[in-house]
Amino acid sequence: MASLQASRGTRDILPPEVQTWQAVEAEARLLLQQAAFQEIRTPLFEQTELFARGIGEGTDIVSKEMYTFLDRGERSLTLRPEGTAGVVRAYIEHGLAAQGGVQRLWYLGPMFRYERPQTGRQRQFHQLGIEVLGSADPRADVEVIALAIRLLTRLGLTDLKLEVNSVGEGVDRQHYREALVAYLEPHRDSLDTDSQKRLTQNPLRVLDSKDPRTQAIVANAPSLLAYLSPMAHQHLERVQQGLSDLGIPYTLNPRLVRGLDYYTHTAFEIQSEHLGAQATVCGGGRYDGLVAQLGGPHTPAVGWALGLERLVLLTQKQGRPAGRSLDIYMASRGPTAERQALVLAQVLRQQGWRIELDLSGSAFSKQLKRADRSGAPLTLILGEAEAQEGTVQAKWLTSGEQQLWHQADLLEGQTTLQRAFEEILSKP
Ligand code: ATP
Ligand code: MG
């Protein structure tokens, strides 16, 4: 029988890597809480129509990347390719708008897109996303962008590039679209095939093309910024001002777009030099038209989504190393020693220590090798001699220093161990 493997475009995240994921998630939770964001959890599949309307028929996602299927009741369902549509559906369905004020929501979880798998691009991947619903204030855009930057920086990432643009309001874009099509039409035959299709369906997306020849043509296209209304200009200026006030460097990229009609004003992306071809870690912007598009009350909104696979790749490359996950490794050999070790480990855990008990019963030399590999700074060693005397050997990983302790001291309270840890680990 052929051996079974994870499906193409999916991967297992094994325990050592999960540590990085948890560190990233913990940092995100902390920062989001500080900024008064609340978590929302929506289903992994939704009616197909939600994504068709909420992401747009003319997009790559809807036209070729969705995992769509009929369930046993012949309903067309789709595994969510992104988070915003589901969040907005829930926002409308539960009348969150009626609660008034601004809703600050975040989500984290798997997304599904049928794409060609490569580094930083999978078919099941994970996004962390935030949505601020109910504010048209440019400061909301700034707050949202600043949160992404702060998260990435706190994780130790450098060489990030923030690009900002405005796609204006509906009418602005209508005029711009006409100008863009007029400019591109004579070059139609030189564009890549995808861009030729987009020229009719969703011309702004041509600006996004990765094809070098198309890019060269696009370089001389009219600039979106020239088509912004005074209102849109003012919004963009206030976003830029806010970013400067916070000391966040950015570049204005007039070719950065989000192609659909419900996108308004701010669009932005954060890229890293260290990701190769899949350079974008985070993308977002304002979508004042979406809630109404999905049947809710007119609600201005802004948000982003961040690709966690890419973020984890980056943290592994240049982030701060994760803190230690184990304090103590416990080795024991001999019937009495093994019984005592079981009790000692249990009591030390109750005191708050993270402790791994070696269950192998193998020679101490083997147990100590495993102790080294575990990364625990301290190994407690209990042989029959120690068991008879009620003592335990303490061996420190970095210095190799060994001490003899009384079990009673350890069982009594936390102070002995606490002091020993502080003393040893404070040495350079
Ligand atoms: P790309 O240009 O890389 O295809 P996108 O425009 O499709 O990105 P968004 O829909 O804006 O991406 O999603 C936000 C983020 O989610 C991306 O910046 C990226 O970090 C991540 N992401 C998107 N698709 C994938 C995927 N297939 N695998 C892994 N991460 C992804
Ligand atoms: Mg994509």
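We're numbering straight along the sequence, starting at 1. Order of listing sets the numbers, starting from 1, for every ligand and every atom in it.
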Would you say [X] and [Y] make side-chain contact, with heavy atoms under 4.5 Å?
{"X": "Phe421", "Y": "Ile328", "value": "yes"}
{"X": "Arg370", "Y": "Ser360", "value": "yes"}
{"X": "Leu256", "Y": "Val164", "value": "no"}

Distances for all N or O pairs of ligand 1 and the protein under 3.5 Å?
unit_1   : atom_1 : unit_2 : atom_2 : d
ligand 1 : 3 (O)  : Arg121 : NH2    : 3.1
ligand 1 : 3 (O)  : Arg310 : NH1    : 3.1
ligand 1 : 3 (O)  : Arg310 : NH2    : 3.2
ligand 1 : 4 (O)  : Arg121 : NH1    : 3.0
ligand 1 : 4 (O)  : Arg121 : NH2    : 3.3
ligand 1 : 7 (O)  : Arg113 : NH1    : 2.9
ligand 1 : 10 (O) : Arg113 : NH1    : 3.2
ligand 1 : 10 (O) : Arg113 : NH2    : 2.9
ligand 1 : 13 (O) : Gln127 : NE2    : 3.1
ligand 1 : 16 (O) : Gln127 : NE2    : 3.0
ligand 1 : 18 (O) : Thr280 : O      : 3.2
ligand 1 : 20 (O) : Thr280 : O      : 3.0
ligand 1 : 20 (O) : Val281 : O      : 3.2
ligand 1 : 20 (O) : Gly307 : N      : 3.4
ligand 1 : 27 (N) : Glu115 : OE2    : 2.6
ligand 1 : 27 (N) : Gln122 : O      : 2.8
ligand 1 : 28 (N) : Gln122 : N      : 2.9

Item to check | CA sep, side-chain torsions, deciding dist, call: Ser195, Asp211, side-chain hydrogen bond (donor to acceptor under 3.5 Å, both in side chains) | outcome: CA-CA 9 Å; Ser195 295; Asp211 178 79; over 6 Å; no
Item to check | Contacts of Phe364 that satisfy ring-ring contact (aromatic ring centres under 6.0 Å, His included) - sequence neighbours left out | outcome: none
Next on the checklist: Can a donor-acceptor pair be found, under 3.5 Å and without considering hydrogens, that links the side chain of Arg113 to the backbone of Pro81?
Outcome noted: yes
